[in-house]
Q: 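Quick one: this structure, given as structure tokens, is what I'll be asking you about.
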Amino acid sequence: MIKITLPDNSIREFPAAVTGAEVAASIGAGLAKAAIAMKVDGQQRDLSYSIASDARLEILTSKNDEGLDIMRHTLTAQVLAKALKELWPSAKLAIGPTIENGFYYDVELDSHAISFDDLPKIEAKMREILATAQPVTREMWEREEAISMFESRGEKYKAEIIRGAKEDDTTEKGKVSLYRQGEGQDAFIDLCRGPHCTSLSKISSAFKLTKVAGAYWRGDSNNKQLQRIYGVAFADEKQLKAYLTMIEEAEKRDHRKLGKEMGLFHIQEEAVGQVFWHDKGWTIYRTLENYIRSKLQRDGYIEVKTPILVDRILWEKSGHWEKFGENMFTSESEEKSLAIKPMNCPCHVQIFNTKLHSYRDLPLRMAEFGSCHRNEPSGSLHGIMRVRGFTQDDAHIFCTEDQITSETVAFCNLLQEVYKELGFTEIKVKFSDRPAKRAGTDATWDKAENALKEAVKAAGLEYTLNPGEGAFYGPKLEFALKDTLGRDWQCGTLQVDFVLPERLDANYIAADGAKYRPVMLHRAILGSLERFIGVLIEHYAGKFPLWLAPLQAVVATITNEVDDYAYDVLKQLKAAGIRAEIDTGADKINYKIREHSLQKVPLIICVGKREAEEKTVSIRRFGSEKQEVLGLEETLRQLSLEALPPR
């Protein structure tokens, strides 16, 4: 008898080898219908896979993230790819992986440039293919036989993939994994490791093709540029509709669009990946920086400033040259190799090392709004969200091992306070452990990982594991905040580092008079200020809270007869610390309100004859039709308090 253990630890017995589809059917007709694939002893398999010995089994459906991903994979590899071949038989298929919320397929098609207008036609063909409900079967072919078959069909990319495939990539026991729809010469056959749905009937019709782009084969600009068709897919129409609504709203909130409309910043080709801040954008930047600075001063941080251009020798000592060198901008001067710093930590150790510290000096919290540069690929750049030149709200806490927990708890409390005051109440935490490419011994990493796990537990935070994604010098916590649209943005980080103090010879004198290495806690709350401002723009759709708005108020006149009073109101607003401008143009007041509302100005302060006579103002808040009439003195008192940053 073969014993199959299910996720609830119940056991089902079968007299002989059994497939996943048969196990699902034995549990119930509903599960058999919903089943997409399975996991056998933790490994994903097709439902047709035969289980010949005792095993743990989990049936995957579209309600599982893994099951949904497999459904999306079948949709792109077996449906989108087949639709492209039926519409354009000369198309040469490349790759079709899944991505977050969907999929894409790369195709070479010299005879036709696929455009957005072609997507409905492709979608219609995909739905036509789905309606056939054909079975999808896995076949194992000899490598040379598969290469010959694909070459005979003109599928040069598939043949190239097989030639370069490693064991367990698209091969199994020396053979190549292919998936088939149909029979004979007209059968559609694609190369894939799988698993896939065993039938097209198991694929949800809740999908939509979204865009077309160009993509170089294997990501190499020396290779042929292919056409890439993107799509999204979900378990049902309700989820698809919700996603498309969110995307539509996200497009309205795009920080690049709003940044231009509101005159906050721009980016141009002469400074790729770097930001030209305009006065209003720079006001947001400085306000945010000063807000964080006030928190750091309150919590006992010292603020420093370190050089941007640093000799290669320091980066070699720290390990960054070896581990991060390909992302560093370099220069030569007087036979010396210099690098523009990609991060601040080695420079902070240099400041720490200028004196021999006592244990009484620790923890030493050293902060810097550090200007960093990284040679990011041009294709990965995205507005101010992903740039080459940026500033971190960086800090390094030099402490003893015994202080790791208390400093971690204090930092987590600070981070949550800042996020809440900036309008983010939901935070996800990931624990990233040792990467393959790292410095330090396994014993050092064991100590660092255990210390960080104990600390985050003491902070009362739940986390998920993010295997292999730690920094090269230590494990880290990654803090992702959820915005108005439900999107996650990873911003804050905390890393425990035993490695750099050793490599850069940092020491302190302990109570016993001996020298010891301090532990370095690398931490950031916002991460990149540029990126965080982009997140804020999209989160608030440009409608910033009053304290953060670049222009907080506009004094708008109803008639030019009250210009003198309006300028007096402006003067007093500015004296009270309000960022204000004046509009004394000849346009009607309703037009002025509409124009300044388009700029998302929080307060429009209207003044006319009555207001001038009574020394009052009419306040109209952005997004409201109501007007509040207040005396000027009361207005100044209220707004000066309301415009203060959170403390």
Side-chain angles (χ1 to χ4, degrees), residues 304 306 310-328 339 341-354 356-357 359 361-368 370 372 374 392 394-408 411 430-456 463 465-478 492-510 514-524 527:
V304 300
T306 58
V310 181
D311 196 296
R312 169 178 177 165
I313 293 171
L314 179 60
W315 302 113
E316 288 177 336
K317 286 180 180 178
S318 70
H320 288 88
W321 194 268
E322 176 188 356
K323 309 293 184 182
F324 206 76
E326 62 188 17
N327 296 109
M328 296 168 71
K341 67 176 179 181
M343 51 198 66
N344 305 295
C345 35
C347 294
H348 286 190
V349 180
Q350 305 314 299
I351 294 178
F352 183 86
N353 285 349
T354 57
L356 186 58
H357 291 275
Y359 69 96
D361 299 329
L362 307 183
L364 175 60
R365 307 180 187 100
M366 187 182 298
E368 177 177 7
C372 299
R374 296 178 186 173
Q392 292 178 311
D394 206 2
H396 296 90
I397 302 171
F398 297 87
C399 64
T400 66
E401 289 187 40
D402 291 341
Q403 293 169 333
I404 292 175
T405 294
S406 60
E407 288 301 306
T408 297
F411 169 70
K430 291 183 181 179
F431 185 101
S432 300
D433 59 14
R434 67 195 73 185
K437 191 176 180 182
R438 61 182 182 268
T441 65
D442 286 343
T444 297
W445 275 87
D446 289 341
K447 183 165 62 172
E449 289 174 355
N450 290 334
L452 186 54
K453 285 179 180 177
E454 290 179 12
V456 72
Y463 63 85
L465 288 174
N466 192 24
E469 294 300 319
F472 77 83
Y473 45 75
K476 67 178 174 180
L477 300 179
E478 298 180 2
T493 56
L494 173 71
Q495 299 146 8
V496 174
D497 180 7
F498 287 86
V499 173
L500 283 187
E502 179 72 31
R503 295 183 72 116
L504 298 179
D505 196 27
N507 301 282
Y508 72 94
I509 303 298
K515 282 186 178 181
Y516 291 87
R517 302 291 188 197
V519 180
M520 279 181 73
L521 303 183
H522 306 239
R523 46 108 299 180

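Starting from 1, each residue takes its place in the sequence as its number. Being a predicted model, the structure only gives us computed values, none of them experimental.
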Q: With side-chain contact (heavy atoms from CB on, under 4.5 Å) as the test, would you mind laying out the steps for L465 and K430 before giving the verdict?
A: CA-CA 6 Å; L465 288 174; K430 291 183 181 179; over 6 Å; no

Q: For S432 and E478, does a side-chain donor sit closer than 3.5 Å to a side-chain acceptor?
A: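 There is such a pair (donor and acceptor under 3.5 Å, judged by atom type) between the side chains of S432 and E478.
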
Q: If the condition is salt bridge (charged side-chain N to carboxylate O under 4.0 Å, His left out), which residues does D311 pass it with, not counting sequence neighbours?
A: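 For D311, no residue satisfies salt bridge (charged side-chain N to carboxylate O under 4.0 Å, His left out) once neighbours in sequence are set aside.
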
Q: Name all residues meeting the salt bridge (charged side-chain N to carboxylate O under 4.0 Å, His left out) criterion together with K447; count only those two or more places apart in sequence or in a different chain, and write none if there are none.
A: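 K447: salt bridge (charged side-chain N to carboxylate O under 4.0 Å, His left out) contacts with E401.
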
Q: Looking at E368 and T306, would you say the former's side chain and the latter's main chain have a donor-acceptor pair under 3.5 Å?
A: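 Yes.
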
Q: Can you give me the closest heavy-atom contact between M328 and A339, atom names plus distance?
A: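 Shortest heavy-atom contact: CE-CB, 3.5 Å.
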
Q: For D497 and R517: C-alpha separation, side-chain torsions, deciding distance, then whether salt bridge (Lys or Arg N to Asp or Glu O under 4.0 Å) applies.
A: CA-CA 11 Å; D497 180 7; R517 302 291 188 197; over 6 Å; no

Q: Given side chains that start at C-beta, do those of K476 and L494 come closer than 4.5 Å, heavy atoms only?
A: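 They are not in contact (no side-chain heavy atoms under 4.5 Å apart), so the answer is no.
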
Q: Is it true that R523 and D394 make a salt bridge, defined as a side-chain N closer than 4.0 Å to a carboxylate O?
A: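 Salt bridge between R523 and D394, a charged N being under 4.0 Å from a carboxylate O: no.
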
Q: Quick one, P435 and W445 - any side-chain contact, counting heavy atoms below 4.5 Å?
A: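 In contact.
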
Q: Is there a salt bridge (Lys or Arg N to Asp or Glu O under 4.0 Å) between R434 and D442 once you walk through the steps?
A: CA-CA 9 Å; R434 67 195 73 185; D442 286 343; 3.7 Å; yes

Q: Can you see which heavy atom on P342 is nearest to which on F324, and at what distance?
A: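 So the minimum-distance heavy-atom pair works out to CB-CE2, 3.5 Å.
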
Q: Would you say the side-chain atoms of W315 pair up with the backbone N or O of K341, donor to acceptor, closer than 3.5 Å?
A: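 Between the backbone of K341 and the side chain of W315 there is no qualifying donor-acceptor contact (under 3.5 Å).
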
Q: Could E316 and R312 be called an ion pair, given the rule that one side-chain N must be under 4.0 Å from one carboxylate O?
A: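 R312 and E316: salt-bridged.
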
Q: Got a sec, which residues hit salt bridge (charged side-chain N to carboxylate O under 4.0 Å, His left out) with R503, two or more places apart in sequence or on another chain?
A: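 R503 satisfies salt bridge (charged side-chain N to carboxylate O under 4.0 Å, His left out) with no other residue.
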
Q: Do K453's NZ or CZ and the ring of F431 fall within the cation-pi criteria of under 6.0 Å and 45°?
A: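 Satisfied, under 6.0 Å and within 45°.
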
Q: Is the F398 to F352 ring centre distance short of 6.0 Å?
A: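 Between F398 and F352, the centre distance is under 6.0 Å.
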
